[in-house]
Every structure is written in C-alpha cells, then in structure tokens.
Amino acid sequence: MNSKLIFGIAKSLLLARWRQTLVAAVGVTFSIAMFITLLSFMNGLNDLLDGLILNRTPHVRLYNEIKPTLDQPVNVSAEFNDSYNFIQSVKSGISRQEIYNSGPIMEAVKADARVLGAAPKLTAQVFFNEGTIDITGVINGVDVEEENRLFNFQDYVTAGTALDAKNVANSIILGKGLADILVADIGDVVQVTTVQGERFPLKVVGYFQSGIQEIDKVQSYASIGTTQKLLGKPNNYITDIQVKLHDLAMAPAVAKEFRQVFNVDAEDIQTANSQFETGSSVRSLISYSVGITLLIVAGFGIFNILNMMIYEKMDSIAILKATGFSGRDVNRVFLVIALSIGFFGGMVGLLAGFGFSVIIDNIPFNTAALPTITTYPVNYSLVFYVIGGIFSLITTYLAGFFPARKASKVDPVEIIRGK
Amino acid sequence: MGDIILEARHIHKQFHDPVTVQVLTDITFSISKGEFVSVIGKSGCGKSTLLYILSTMDTDYEGELLIDQEPMTQKTDAELARIRNAKIGFVFQFHYLLNEFTVLRNVMLPGLKLNQHSEQEVEHRAMERLKMLGIDHLAQKMAYRISGGEKQRVAIARALINDPHIIMGDEPTGNLDNRNSDMVFDIFKQLAEEHNQTLLIVTHDQSFAQNTGRIIEMEDGRIVRQ
Ligand SMILES: Nc1ncnc2c1ncn2[C@@H]1O[C@H](COP(=O)(O)OP(=O)(O)O)[C@@H](O)[C@H]1O
Ligand SMILES: [Mg+2]
C-alpha cells in the first residue's frame, strides 16, 4: 500500500528521538555481538576439544573382544532346553584377539560407499627397559600413511617425522611423556621386552603428543611390520580395523551392520565417546541461553523506549488519525520503528560480533598439550549469524508488538479534548 | 441551496463515567455545499462533542450521520479514516502540527496518505496552499519553530490539501490574539466566498459568528436556533 509514506513517518519519528533510538539500538547491537562472539568462541572450543578425540578416533572400530561365550554349551544342547541351567565360574575360552580374514574384511569395508577409509592396527603390550626399571607401555602398530590421511597422525608428531616410523627399520615414535621418563632423545635406541619375554632394540624417530598426558606416558607408535615382528606374528595379523566414514552420524548403524556381516565386535564413536557429545551440547546450550537472555534484555529496552515514545507522541498519533491515517497505519509505523532498531542494531551487532571473533582468533594461545594450536579457536559458522539476525528481528518485533498495538488504539478525541 | 454535504439526524450522545450524562440531545441539521456555518454556545454545551461526532472520530453515539449523502454508521475504522482523509479538513484550537516534520511535510502528509497524486504533485499543491495563505516562505522550517498564528495557518493549509468537502474547526481562533484571529477569519471568509468552500466552525466569539453565513446556536446539548 503506502509503505514509502509509512517508512518516511517512522524514519522522522526515529530521527527526532535519535538519542533514545541509539540507546535501544546499542542494546541490540551489544547483545547480538555478544551472542555471535560467545557462540563462535564456544563452538571453536568445542571443535578443538572434539577434534582432540574425535579427529583421531575411528568412527567404527572392528575388533575381537576376549569374553566368555554367551551361549554356553549346556544352553545350546537340546537335551537341557527345558531346564534351568546354573553355570558357575564361567571363563573366557581360548579366543584370539586377531581379526580372522582381516584382508578380505578390509577390502569389503573399503569398498563400502559410506566408508572414507579404513586403516589396520594392532597393539602390543610391552615393557620399556630403562636401566633396572621396566615401564609398561603399549606399541600401536599402524599403517602410517593411512593413519596420516584418516586420523591426522602427523599433526601430533611434534618432533621427528611420522613417515620415518615406516621408512626406518625397527623404529618407534614415543609418546612425549614416555620419552621423558626413558630420557630418550631422537636417534637413541630403547630396549623393549614383549610379553613373551623377547627383547628388541628400537630406534626413536619421533615424539608424539596427543594433548592428553596420560596417553602420552604410555602410548607409542611403530609400523605394522615392526609390531608384527615384535609379537612374532605373521604379516596378516591385525587386531583392529579402524573405519572412518563420510558421515559421522551413520556410525552406530554401520557398526551394527558390520558386527553382523563380519561376525566381529564393532564399536561406534558415539558409544565410545558419549561424554564428549554431552560436553559439547552443554557448552552450546550455555552460549545459546546467554545470548538469548541478552537479546531478551535488549528487547525489554526496546519495549520501554517504544512505550515512552508512544506516550510522548500521543499528540502526533492523534493528529495522524484525525487527518486520515487508520489505526493500522499507526500500528505499522511503530512496528517499522521497532524493526528498524532491530535491523540496524542487529546488523552492526553481527559485524561487531565478527570483529570480536577475529580479535579472539588472533590472541595467542600456546599450550604444550595442543601442539597444533597457536591462537584461541573460533568457529566462523554462518549459522550463528543467521540465527543472530533472525533473533534480533523476532525480539524487536515482539518488543514492538504491544506498544504498536497501543498506539493504534489511541483515541484521537481523548487526546484532542484533553488539551 | 445546492447539494447537501453533511447531515445529522437525531444525534444523541451520552457519557457514562462515572454517571450517565446526556451531552447531546436530538441534534438534527444539514449543511449544503458552499455554506459558511458557525456553531456557538456556552462552554460545556456540547459543541466540541458534536464536532468530534461529525468528523467521524467519535463513533459512540445514537442517530444518523451522512457525509456526502453516505451514512457513516456501520463503517470500519479504516473506512472512516479514509473518509476523514479525503473529505474532511480539520483545524483544532491548538494547531496540532507534527513537530518532527517541516511545515511543508506537515501539509503534504494527508495528501500522501490519500495517494491520488504523485509526491511531486502533492508537494506542488502544498506549496500552492501555503502561498495562498502567505506562508510559503516557512515551507522548509520545522513545525515547532514557527509562531502560533503561523501554525494555525499551516493547519488550514493542511486541511485544504485534499480539496475536502468540508472544513471543520473547533475554536480555531480561540488561542490567538486579535490580529491573528482576524487573519484566520479572513482566510475562512475568503475560502467560502472565492473557493465556495464549505465550512463548519465552532466558536464562542460572537463577532466571529456574526460574520458567517449561518449560525447554529446550542444550549445544553440542544440546538436552540439555526
Ligand atoms: N469524556 C467525557 N466524559 C464525561 N463527560 C464529558 C467528557 N467529555 C466531555 N464531557 C462533558 O460533556 C459536556 C460537553 O463538553 P464539550 O463538548 O467539550 O463542550 P464545549 O466544547 O461546548 O465546551 C461537558 O459538560 C463536559 O463536561
Ligand atoms: Mg469545546
């Protein structure tokens, strides 16, 4: 209809009270900026913490668990089908950790369209010998190239080169904590005793730092071949297949399927790391609620200022109505006022929020536990800006709704007579 | 006389707070095109109340009101607003201009609302009317920066912007000194005589009323002479 006129009137009313308008808009700006900054920072932290675990955790892990058979022979036997069978002192049978048929399973897994890649792994429990002391540790035999590709292995090798574990014969990458205990520099040789009692010298080609000290004190990495040799196993012996999917959310379904198809144990990342999901969602929840609280406060600011403005502009409203503007026109004028405060305040807020995020992103943040991080983490997701923008409009609309309705109901006769 | 522009039929009005008071009783009269009518009566006799009803701003009454031979009862808020906009020009005692706008813009607003002419044309018409009232030099001033007499002339220019069927005024000179009152009266007179403009002006200024074409006299909510 007559939008240009409505906008023109709204603009004049706004500019006539620009100081109040500014205060209202600054309220919105501030809350939107905080909202954006908080969400970007919190989510940056979330990504960082999740990445700490999730990036290098397989989405689905295939393995053989040593456990007692669920179907004990007496239960299977037809003869005792109808009876209650009490079995005591059940023990795990002679089962192997090895994944049978690992080769064909690897092929089949890699051929699956949902799978980004699969890397074999085997673990060996060993003792590191330092003088007269034995320190327990674990050597993970990995395919270094695949490990790099799928699980960013090289990011955590803080000294030396990850690929040397493959290229140098009988080599090992020690956890930083473990290396410190062993006083082993790069190029040194450490002595390792396997569970079977055999002793091997291994050359240290790198340190590795996961960001979690407990892990770094125990874990170390070697090539598959080296680890198989250590254990005295043939070159098809592996204990784990680590699968990375295109879509993390599919992990539980895929794990369930693989468990049945390949007749192995399969664990999905959600089950293995449920606590991280919880942490992330709680952090997101906190930032959303703080942001929305700020917006609601800003909304009340707008509500107050509009109410005040309507009180002051009673005469103007009465005049507009007397000269032919309908209640609806007046209503629209005040809604436009509210929404422009929301729109401009919100826009500036989005820009300011982006600015603050950039500043945070440039503040140095060095921690020994996180070798790849140099500044505070920030997530620049567009989603936060969209939500922030929409919320600023919704809040200001709601804040303007009742004052605008009040304005539209002003009875001009009452005002004009009252003079 | 010519066409009937405004007709009131048996209008009654009561106020209910706190006790019921009968303010208008059986008001019946009509105004034809080109008439210059004044309404006089003692303070409190119901002149303003009547004018608010005739201007369609007050819809809480009994009886019938016809503007341009069209009944105003049963019309919605938006329809009445449209009629006020297109057919009625209003001048108040306290020159109610919008302080946020310039003089020119104040005059233009009802014209822009009517949306029958382009913005340039509305501006041109507004300037014409300001010129006619001798205040075109004030066009770009903010409305609150001009004197009371000037404000009242701006209000008249605004009332004229849409070529209304009738101009209503509620004691438009009541707040002005003699010189300005005379000037406003002369303007009304000129509008009536030269432009055949219909006018209905409430006043308690006897000399003002004596010079109009027709006097409606009220007493205690009734018309006692017309
Ligand atoms: N809102 C109201 N509630 C109750 N009585 C009112 C109200 N407005 C006006 N009146 C009464 O109606 C009568 C007429 O008032 P008004 O039309 O303003 O008189 P006038 O304009 O002739 O001086 C007065 O007695 C006044 O007290
Ligand atoms: Mg009065």
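So that the names make sense, note that chain A is the first sequence line, chain B the second, and so on, each numbered from 1.
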Locate the shortest heavy-atom distance separating B:L109 from A:F325; write the atom from each residue and the value. O-CZ, 3.9 Å

More than 12 foreign heavy atoms under 6.0 Å from CZ of B:F29: is that the case here? yes

At what distance, to the nearest 0.5 angstrom, does OH of B:Y52 lie from CG of A:D411? 10.5 Å

What part of A:I9 lies closer than 4.5 angstrom to a heavy atom of chain B: side chain, backbone, both or neither? both

Would the number of heavy atoms belonging to other residues, nucleotides or ligands and lying under 6.0 Å from NE2 of B:H204 be above 12? no

Sort out for me which residue in B:R158, B:R84, B:K113 forms a side chain to side chain contact (heavy atoms under 4.5 Å, CB included) with A:T323. B:R158

Mind running side-chain contact (heavy atoms from CB on, under 4.5 Å) on B:L98 and A:L320 for me, showing each step along the way? CA-CA 8 Å; B:L98 298 173; A:L320 285 173; 3.8 Å; yes

A:M347, CE atom: more than 12 neighbouring heavy atoms under 6.0 Å: no

Please indicate whether A:Y380 has more than 12 foreign heavy atoms, meaning atoms of other residues, nucleotides or ligands, lying under 6.0 Å from its OH. yes

List the steps and the verdict of side-chain contact (heavy atoms from CB on, under 4.5 Å) for A:K4 and B:L112. CA-CA 10 Å; A:K4 199 179 152 210; B:L112 294 172; over 6 Å; no

Rounded distance (nearest 0.5 Å) linking atom CZ of B:F92 with atom CG of A:D315: 10.5 Å

Ignoring hydrogens and geometry beyond distance, is a side-chain donor-acceptor pair present between A:R417 and B:T49 at under 3.5 Å? yes

Residues from residues 59-81 of chain B approaching chain A under 4.5 Å (heavy atoms): B:D77, B:A78, B:A81

Under the side-chain contact (heavy atoms from CB on, under 4.5 Å) criterion, do A:S316 and B:E100 qualify, and how do the steps go? CA-CA 9 Å; A:S316 303; B:E100 297 81 10; 3.6 Å; yes

